[in-house]
Amino acid sequence: MIVQVSLPVALYRPLTYTVPPELAARVAVGSRVIVPIRGRRELGFVVAEGGEGVGGRGSAPDGVALKAISGAPDEAPVLDRSLLSLCHWIAGYYIAPLGMVLRTALPAALTGADAPEPSQKTKRVATIAAELPTLLERDAVFARAKKQREVFELLESLGGTAPVDLLLERMSFSPSVLKSLGDRRLVTIHDEVVVRDPFAARPRAPAADHAPTTAQRDAIAALAGGRPGETFLLHGVTGSGKTLVYLELLRRVVNERKQGAIVLVPEIALTPQTVSRFRAVFGDQVAVLHSALSDGERYDAWLALRRGEKRIAVGARSAIFAPVRDLGAIVVDEEHESSYKQGEAPRYHAREVAIVRARTEGAVVVLGSATPSLESWVNASAGKYRLLTLPDRVGGGRLPHVQVADMRLPKDRDARPRYANTAEAAARMVLSESLEQALRVHVGRGEQCILLLNRRGYSAFVQCAQCGVVDVCPNCSISLTYHRTPERLVCHYCQHTEEVRTTCRQCGGAVLRQRGLGTQQVERIIAERLPAARIARMDVDTTSGKWSHSEILDRVERGDVDVLLGTQMIAKGLDFPNVTLVGVVDADVGINLPDFRASERCFQLLSQVAGRAGRGPKGGEVIIQTRVPEHHAVRFAVEHDYARFVAQELASRADPPYPPSLRLVNVVFSGTNEELTSQLAIDSADRIRAMLAKRPDLDVVIVGPAKCPIERIKNRWRWHFMLKSAQSRHVTRVARYIAERLPVPSAGRLRVVVDRDPVSLL
Ligand code: ADP
Ligand code: ZN
C-alpha cells in the first residue's frame, strides 16, 4: 500500500510513502502518520492513497526505494472528508502548503511528532465491589479495621462510587486503607478520564428572556428558513440585539433539529459577555475554545465536539475548524473584524472559510455587524448574500448623540486659547475642554465612561495643525509616511517621494509633526485632571495574564471603575448599560495609516466604540476628538450613516482600484540584509512583469515594488509589491507561481510571503 503524505512544512506537494502491512489497518485518508524525513521523524497527514514519488525527498531520481511510514497513532482518521476538502480549498485559495493548513485545523495536542497520542487527564475513582447488607457481615469483615469500615461506609453514603479526592476531602485516611480495601476486593480503584473544561466551574448567568422585536423576529424567521449553504448578512446597529437573533437561530438548529453550530467571535478574551450569553442558554452543550485553554483542555473540547457530546463551538478564528457534527449554522459575529484573518501561513480569513464550509456541509451562515466590511456589503448588494436589517436599538433606545471636539488650532493667533501653565497646555493637546467637562459630569453622576486611544500600527505622518490636512500620494491615494533620515515623505505603495514642506500646502500654516501617544500618558493626564475618578487601563501591558481581560471587565461590570481607558480592545461588543459617555482621544491616528483600508477601519472603530454608549435607559453621548472633522470616516460615524460612508468609500476604491473593486495579493519580501531584500523584490517584480508581458491572457497588474510601511520588523527588512486583478483565477495563477517557483537566493535569510486578500498592508 502506497499513500500521499502532507507535512506541516513549506512544501507544496505531498510525499509518497509505503505502508507496512502491520500498520495498514490503521492508515486511511485523513489519518495522522509518523514518517521519516531527512533523518528526522515528522508528523504528517495522509491526503490520498496510491500514486508515485519518493518518500522523504522532494524529487529524487527514479529507482530510489520509497520509505515506509513508521507510525500510525490513530485507530480511525482524525480528519473527516469534509474537513479535508475544506483544507484543500484553503491551501488552493490562500496558496499555502496543505500540510500547514491541516496542522492549523487540528488542536496542537494532535500535531506533535514526539507525543502523537495526547495525554488525557484522569482521576482515581473508588467503587464498592462487595455487598455487605447486614451488620453482622460488616462486623465480621472489618473486625478491628475501623478506618476501612469508615471509608467503605462513606463510599456507600456517596452512592457507591466517588473520586478518591472527594473521599479524602471528607475524611482523612492513609493510602494503605484504600489499598487494603482494594486487596480484599471490597472496593475497586480505577482511573477515569476527566474532561478539562475550565468553563464548567465558572458561574452561569441566567438566560435573558426577551421577547424579540418585530425586526428580530423577521430576521430569525428568515434565518430559520435559510437554504443549506445560504449566507446572510445581518446588518444591525449597535445595541439592536444581534445576539438574540443568533441565540434563536441556534435554538432552532441545536434544540429542535438536533444539529451542531459554530459561533465565531473576533477575540474570545475580549468578549466574555457574548460567551456567557451562549452558555446561559445552551449550558454544557457549548465548548468554549478560549485562547487561555491549555493544549490539553483544548483537546478535550475538540474530542467532546467530535463525539457529539457538545454541539456548539464558540471561539475565535480557528474555531471554524471545530469538529462539530452535522453542522446546521455558523455565526460570524462582528464579521468586519480583521482578527478573522490569520497573520501567518496559512493566511486564511475565517469568514470566507465559514462560507465555504457551510456550503459543503449544508449549513447556513450569518455574518453579523453594525458596520459590515465593504466586501460583505458588496456581496449582499449583488444578491450573493441575503441582507437582513435591524435598523433600531432594542427597547426604544436611541443611538447616542455624537459630537466632534475639533482639536485644530484657530488660524488667528489671537484667537488661540491661553493656558494657566504648561501642564494645562500639555493636557489640552490630549484632552479637550469639552471632553474633560463631560467626564466630570458623567463621573459625578455615578455613571461610567469609556475612553478610546487607538494606536494600532502607528506610523508617523505629517499633519497641518491648523487645517488638519495630511499629505497624500498622488498615485495611490494613501497618506505619505514621514521619514526622519533623510527627512522626506514617502509613499509605501509606489515609492513616490516628496520634500517635507515648512508650510501647509492647503492653508499656508506651519507644519506640525504627529507622534505616538501612549495610553499610560493619557491615564496620567486623566488622573491629574480628575483625581477622584477610578480609572482602569486596558491595553497590551495590562492584559498579559490569561484571564486579565475578563478581570478588568468584571470590575467595570461591578461598578468599581469610573473610566475605562484602552486601545481598540475596548471597542468591541461590550454591553454595559451604565456607560453613558464614550470619548475618542484621537480619531486621526488610524485614518492616516498608509493602507487603503484606513478609512474603513477608522469608521468601523468609531462606530463600534460609539455604540458602547447609551445602551441603558439613561442614554448616552459620544465625543470624538479630531483634526479632520470633515473626513468621511469621521463625519458619517458622527451621523451614524453607514450607507453614505459605504457609498463614498466604494467610489474611492474604484480609482485607483482596490478591493472590493478587484482582487488583491500582497507579496512581501523580507531578509536580514537590506540590499539583498530590495534586490530580490526588484528582480522578482521584473521577472513577473516579463512573464505577464508574454501572457496577455492573464489580466494581472503589478504595483510596486516598494518598501513596506513598516520597513523593518524584528531585524528583517521588508519590501513588497501587489498583484491586482479583476479575475480571481488569474491572480491565483500568478501568486501560485510566486509561492512555488520564484527563485530565492539562499543568502540573507530571504523569505517570500504571499498574502491573499490582505487585511493589512503595513
Ligand atoms: P448588538 O450585538 O446588536 O450590539 P446585543 O445583542 O448586545 O446588541 O443586545 C443589546 C442589549 O439588548 C442586550 O443587553 C440584550 O440583552 C438586549 N436585548 C436584545 N434583544 C432584546 C429585546 N427584544 N428586548 C429587550 N432587550 C433586548
Ligand atoms: Zn504611491
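Order of listing sets the numbers, starting from 1, for every ligand and every atom in it.
Aromatic ring centres of Y348 and Y94: separated by at least 6.0 Å. If you look at F636 and F645, their ring centroids are not closer than 6.0 Å.
Taking the side-chain contact (heavy atoms from CB on, under 4.5 Å) definition, one finds that A613 meets it with P400, V582, V622, sequence neighbours left out.
I623 approaches A438 most closely through the heavy-atom pair CD1-CB, 3.6 Å.
The cationic group of R756 lies under 6.0 Å from the six-membered ring centre of Y93 and within 45° of the ring axis, placing it in a cation-pi geometry.
A salt bridge is defined here as a Lys NZ or Arg NE, NH1 or NH2 lying under 4.0 Å from an Asp or Glu carboxylate O, and E230 with R386 meets this definition.
Within 4.0 Å of ligand 1, counting heavy atoms only, the contacting residues are H210, A211, P212, T213, Q216, V237, T238, G239, S240, G241, K242, T243, R277, V394, D575, R615.
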